Amino acid sequence: MTLTETGWRCGAREVVRNLAMFFIVTLCGFGASADEPYARSKDYDLQHSKVVLKFDLDQKKVMGDVTHTVSILKPGTDKLSFDSVGLQIQSVSVNKSSAKFETTDSKLNVSLPRAAKAGDKFEVEIKYEGQPKKGLYFILPDKDYPNRPKQVWTQGESEDTRYYLPTYDYPNARLTTETVVTVPGDWLTISNGKLIGVTDAANGQKTWTWKESQPSSTYLFTVVAGELSEVKDSWRNMPVTYYAPKDRGDRLSPNYSRTPAMIELFSTTLGVDYPWEKYSQAMVDDFVAGGMENSSATTNTAGSLRHPMLATEYLENQDGLISHELGHQWFGDLVTCKDWGNIWLNEGFATFMETIWGERHFGKDVADFDRWESSRNWNGNRNLYAKPIVRHDFDDSGEFDGNAYTKGGWVLYMLRQQLGSEQFYAGLKRYLEVNRGKNVVTADLSKAMEEATHTNVDQFFDQWVYGAGAPKYEVSYAYDEAKKQVALTVKQTQKIEGRVGLFRAPVEVEITNGTGPKLYPIVVSKAAETFTFPSESAALMVLFDKGNQVLKTAEFKKEKKELLFQLKNASEAADRADAAVALGKLTKEDDAAAALGDAARNDKSVGVRNVAAQSLGEMGGPAASKELLESLKEAKVPWVRNQIVQSLGGFKDDPAVVAKLESVAKEDSSYRARAAALQALGRLKSPKAYETLTAMVSSESPDGFLRNASLRALGTLGDDKAVPLLAGWAKPGKDLDSRQAAISSLARLQKDNKEITEQIAGYLAEPHAQIRFSSLFALGTRGDASAIPALEALLKRDDLSIEMAPMIKQQIAGLKKPKPKEAAHAAMGEEGDGEEDMGSSPSGDDQKLSHLEQLVQEMNERLKAIEGRLPPAKP
Ligand SMILES: [Zn+2]
């Protein structure tokens, strides 16, 4: 994931990472049945589809009429098979004559009049209707939310287009499209390609026609329609448009206006201009992923439309999401993975393109720090380690995993570092030009790289892409006074098994002594090696892999003296961040606290400032709190104030800290810092916390930001007096984010009060996914077995997204057999997946819980904004 400022860093790092993974898994449906791993053999080539759609909003029904132009590939083909799930097929004609057809659970098979020859062309028209369970979604007002703007939108990836359109639904086909969609007269529509025209239709409706003249795959087909606001922008005279639900049009520019600058940067960096006729981004409510890169017409979650007053409080705001989806317009849309086993060619590149924008717009320090965090994130998820990036044996976790995204992005970064920018981009240009409009496998990339650069990259691809894992180094050094040299011993300690081998990696070692720093490039390839470097005097600092250029973990024990030097003097943000983390583990060392305080105030990297503040929080003690309070005085930007305040939340029984938190909660330049202070007060259970939090629930702030923080903090505080207030905010009709906060807090109070359990269980049947999810997890946390029948009833509903079922089962299992307290704690503190533990174990440990609570809030915020790195929902 691209992390903006604070990342998932927090006290217990493993917990944080695992929680992050847990949420991604649960909210985004990793845990669903596997997609077809290999590309299909094809009887025909689908060349063009004219898709005519109408909607019945009352019945949430789609009425479709699609005409496919196909060209036969396999001689003797007498039947055309289309993917089609749950649709009622009314008629099929082939070349305008009525045709025989049959349907199965997943296919529509159409008989041809005769066995065809290769190259024969047919026009197949299919009339159908259906109430899609996925693929196409209706977002409509209801009695509790009567003012919701109406929206209808599609989401194809990975294999969901077939739920609303009978078609060839696998990436290894490319077709042009014409979309004709009839909607109420005051709606707007968006589809792939150019808008051809809007004409009047019956009953005051309008018919919109869009045409895409460049072929792309069916999972990239899109229709968005609804009561929307539009903002028009442009890039080199090409239309660039942004859409929001009509009540939030004022949020488009504050969040999206950097898009044309990104298009320009990517076009010039890649040497291949943006390839489509327009670029639109439509933000819709209740979107099932963070974002989706449909060709020329991205759809993103409306959660990315931050309130303008909050948008400025996030350093990179939505740029990770926007640049990721834009990057896909080249990597994914123009050049498309042939099968899901090569999905990293889409997702790794899109993740890498985030880095390109980050480096240019926010600068090297910010991009370097994001990479430092993403490396810790990837390394912290042990489910990824043993699996290669390219694989065709998907398990339950599916193919849209941290290997396709985070590691894929890292691999491209490392390749650029190793080849040099000029060579690397020459290779990419060749890859894009040769494969433009085609489907690709990984070999197409390595071949283009080698052809353009004359550098053989086979070994690189073998270890990083087809092989699994990353090196785990153990590093130490000694100075030999007599020989005047530093001997650096490097061991690779990863277990050599399965697809994990020894790694060969170029690494830079920097040795600093009294005369200054010197850089030595080495290549590490053996299980254990010792390298020697000349040094006139003992080293003040030795850096292994300066600047963190290789995806790895490195255990390199250093003395405090060297860490202090490194925090102050290392030139790269990643090395200073490493030192800050290590120093945070030295409790009761005042000089370490002072150095971290200095870094928290003065480091030129915002990321390092935040790591230093966080380390002070972990360190604890009066020296650390003094440094944090001092740092808060000087911190100007919200993304640092927020972290400092969060860190202050760990200091129990420190009146100065509590007083400061009280005052920040009531008044501060940053809403994020105020929200963090509210959380911290709940966690510290300060005497006035209840009063402050309840007062803040009725305060006004952008999007109820402070209210929602207070509602969450009341759960952490654990004072049962808050039950009526929380019960009120949990009710239908209230803002969905407030409800979510109230539900999760309510779950933690009066645990033997069955009425609360009943109230929460009553929300399981609501249509709002957000509320269903929070109620589901709230019941798991609550640990009241009386919720089991409601959960079992939920399991039987037919409107359940498939990815939800395993989560429900997990909560039920947890409620039936609560874990012993100690085991639950151990699981939470341990490195590892921890997914099950997070979901279901009721834990009595306040500190851990409040910690999690805070993370949940961060995750919620983040999830709304993170893109497609969050994989789309799966069948
Ligand atoms: Zn993506």
Side-chain angles (χ1 to χ4, degrees), residues 1-4 24-25 27-30 35 154-161 171 216-217 219-222 259 262-263 266 270 274-276 279-284 287-301 303-304 316 318-358 370 374 377-378 384 389-390 397-413 439-440 442 445 862-874:
M1 328 275 125
T2 294
L3 309 180
T4 53
I24 288 154
V25 167
L27 291 184
C28 304
F30 270 142
D35 293 323
T154 65
Q155 166 60 28
E157 196 178 26
S158 43
E159 299 183 348
D160 288 355
T161 302
S216 63
S217 301
Y219 79 91
L220 296 166
F221 180 71
T222 180
T259 304
M262 289 182 199
I263 304 178
F266 290 1
L270 296 169
Y274 174 83
W276 310 93
Y279 188 51
S280 64
Q281 290 166 96
M283 277 50 84
V284 299
F287 194 48
V288 287
M292 180 62 213
E293 68 273 19
N294 308 303
S295 307
S296 81
T298 285
T299 308
N300 286 340
T301 165
S304 65
E316 295 174 73
Q318 309 303 342
D319 286 18
L321 170 66
I322 300 170
S323 56
H324 181 106
E325 301 309 337
L326 178 64
H328 274 310
Q329 300 297 321
W330 286 262
F331 303 101
D333 298 0
L334 181 66
V335 173
T336 309
C337 61
K338 175 184 161 191
D339 60 37
W340 299 122
N342 282 280
I343 188 67
W344 86 283
L345 293 173
N346 295 9
E347 299 304 344
F349 269 109
T351 305
F352 176 71
M353 295 310 282
E354 295 172 41
T355 306
I356 300 302
W357 173 251
D370 286 346
S374 81
N377 190 26
W378 183 85
L384 300 172
I389 290 182
V390 172
S397 61
E399 68 275 27
F400 289 85
D401 64 7
N403 285 330
Y405 287 78
T406 309
K407 190 179 176 189
W410 254 100
V411 163
L412 293 164
Y413 176 84
N439 291 86
V440 285
T442 302
L445 176 63
R862 205 172 287 286
L863 276 168
K864 287 185 208 158
I866 298 177
E867 166 289 354
R869 288 166 276 131
L870 307 195
K874 292 294 182 42

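One-based numbering, in listed order, for ligands and for the atoms of each. Note that these values count all heavy atoms, side chains included, but never hydrogens, waters or copies made by symmetry. Bear in mind the structure is a predicted one, so any value in this text is a computation, not a measurement.
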Over all atoms of both residues, closest heavy-atom pair of Ile343 and Cys337: CD1-SG, 4.0 Å
Glu347: its N/O/S atom lying closest to the Zn ion (ligand 1) (atom name): OE1
Closest heavy-atom pair and its distance - Thr298, Glu293: OG1-CA, 3.7 Å
The Zn ion (ligand 1) to nearest N/O/S of Glu293 below 2.8 Å: no
Test side chain to side chain contact (heavy atoms under 4.5 Å, CB included) applied to Met353 and Leu326, step by step: CA-CA 8 Å; Met353 295 310 282; Leu326 178 64; over 6 Å; no
Closest His328 atom to the Zn ion (ligand 1) [N, O or S only]: NE2
Ring geometry between Phe400 and Tyr405 (parallel below 30°, tilted from 30 to 60°, perpendicular above 60°): tilted
